[in-house]
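Along the sequence shown, residues carry numbers from 1. Atoms within each ligand, like the ligands themselves, are counted from 1 in listed order. Note: hydrogens, waters and symmetry copies are ignored here, and every other heavy atom, side chains too, is used.
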Amino acid sequence: MTLYADTPKTLSITDLRAMKQTGEKITSLTAYDASFSALLDLTGIEVILVGDSLGMVVQGHNSTLPVAIRDMVYHCRCVTSARKRAFVVADMPFASYAAPQQAMSNAARLMQAGGAQMVKLEGAKIDVIEFLVDQGIPVCGHLGLLPQSVNRIGGYKVQGREPAQAQQILKDALAIERAGAGLLVLECVPAMLAAEITQNLTIPVIGIGAGPACDGQVLVLYDMLNITVGNHPRFSKNFMAEADSIEDAVKRYHRAVKNGQFPATEHTY
Ligand code: KIV
């Protein structure tokens, strides 16, 4: 007899890989606190992302750049304290992973104090990914639109429309997998490019504004609940529109991703 025998098993990267192999879509949403974490968990969301989007939707900044590692650790702890089953990925905030050693000590804080199972970092930082993986830190890559590079890119724009840029994103995705990453988030890229990357990678690819062919989908929770004031990204959908509660909206999202109804053509580039 085991203690806590009726406690649901926390999902692992092996479970997510198995879902890619069987073709079952992976559902993911962001969360930043215990209440939403518990609700997403109960609804069956497999991956909770403690995104640095909290800089915009929780802290009120106009980008993710001001988010500090201590903010991420705090919100990550709030989320992991309340979920039982979901796999939790935490974002490495801006300027927290410029060099391998710095990345290592910040990732360790997210895992030890925050309880994260994996850390996510933006861009093809191959040397950093290799170093983290070598130290036993699971890594999720993030390609396409990189919100931490908004000032370099000049806005939140679709990436990979030009053939040369699309080829570079595919090359970077393959390099991130070779470096040992366990997951990849693809943000705001044409659906055809995302489909090609998803087919060519053995690790699960989770899309946001990347079309229906990805192995899973993620959205910023406040966007899909229509809480966010101002412009809503084209790739998101207001799941509250037909729902009678927040729980119902999350269930509708979960169902729509699982049966391939979301994202539809109007959410896709
Ligand atoms: O911070 C975040 O919410 C993210 C998603 C947009 C993927 O990285």
Discussion item. Within the structure, is a non-hydrogen atom of His142 found at a distance of less than 4.0 Å from ligand 1?
Written reply: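 It does, in that a heavy atom of His142 comes within the 4.0 Å cut-off of ligand 1.
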Practice prompt. Among all protein heavy atoms, pick the one closest to atom 5 (C) of ligand 1 and tell me residue, atom and distance.
Written response: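 Looking only at protein heavy atoms, the one closest to atom 5 (C) of ligand 1 is Leu49 CD2, 3.8 Å.
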Practice prompt. Answer side chain, backbone, both or neither: which part of Thr64 comes under 4.0 Å from ligand 1, heavy atoms only.
Written response: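 It is neither; nothing of Thr64 touches ligand 1.
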Worksheet entry | Pair Glu24 + Lys258, salt bridge at N-O below 4.0 Å |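 Between Lys258 and Glu24 there is a salt bridge, with a charged N closer than 4.0 Å to a carboxylate O.
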Using a 4.0 Å cutoff against the non-hydrogen atoms of [X], which atoms of ligand 1 qualify?
X: Lys120; answer: 4 (C), 8 (O)
X: Ile208; answer: 6 (C)
X: Glu187; answer: 6 (C)
X: Thr30; answer: 3 (O)
X: Ser53; answer: 1 (O), 2 (C), 3 (O)
X: Gly51; answer: 1 (O), 2 (C), 3 (O)

Discussion item. With ring pair (Phe, Tyr, Trp, His ring centres under 6.0 Å) as the rule and sequence neighbours excluded, what pairs involving residues 73-118 come up?
Written reply: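 Output for this query is empty, none listed.
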Report yes or no: do [X] and [Y] form a side-chain donor-acceptor pair below 3.5 Å?
X: Asp248; Y: Ser245; value: no
X: Glu196; Y: Asn200; value: no
X: Asp215; Y: Thr198; value: no

Worksheet item: What residues form a side chain to side chain donor-acceptor pair (under 3.5 Å) with Gln59, not counting sequence neighbours?
Response: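 Asp71.
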Item to complete: Find the distance between CG (Asn238) and CG (Asn226) and round it off to the nearest 0.5 Å.
Response: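 Answer for the CG-CG pair, Asn238 versus Asn226, is 3.5 Å.
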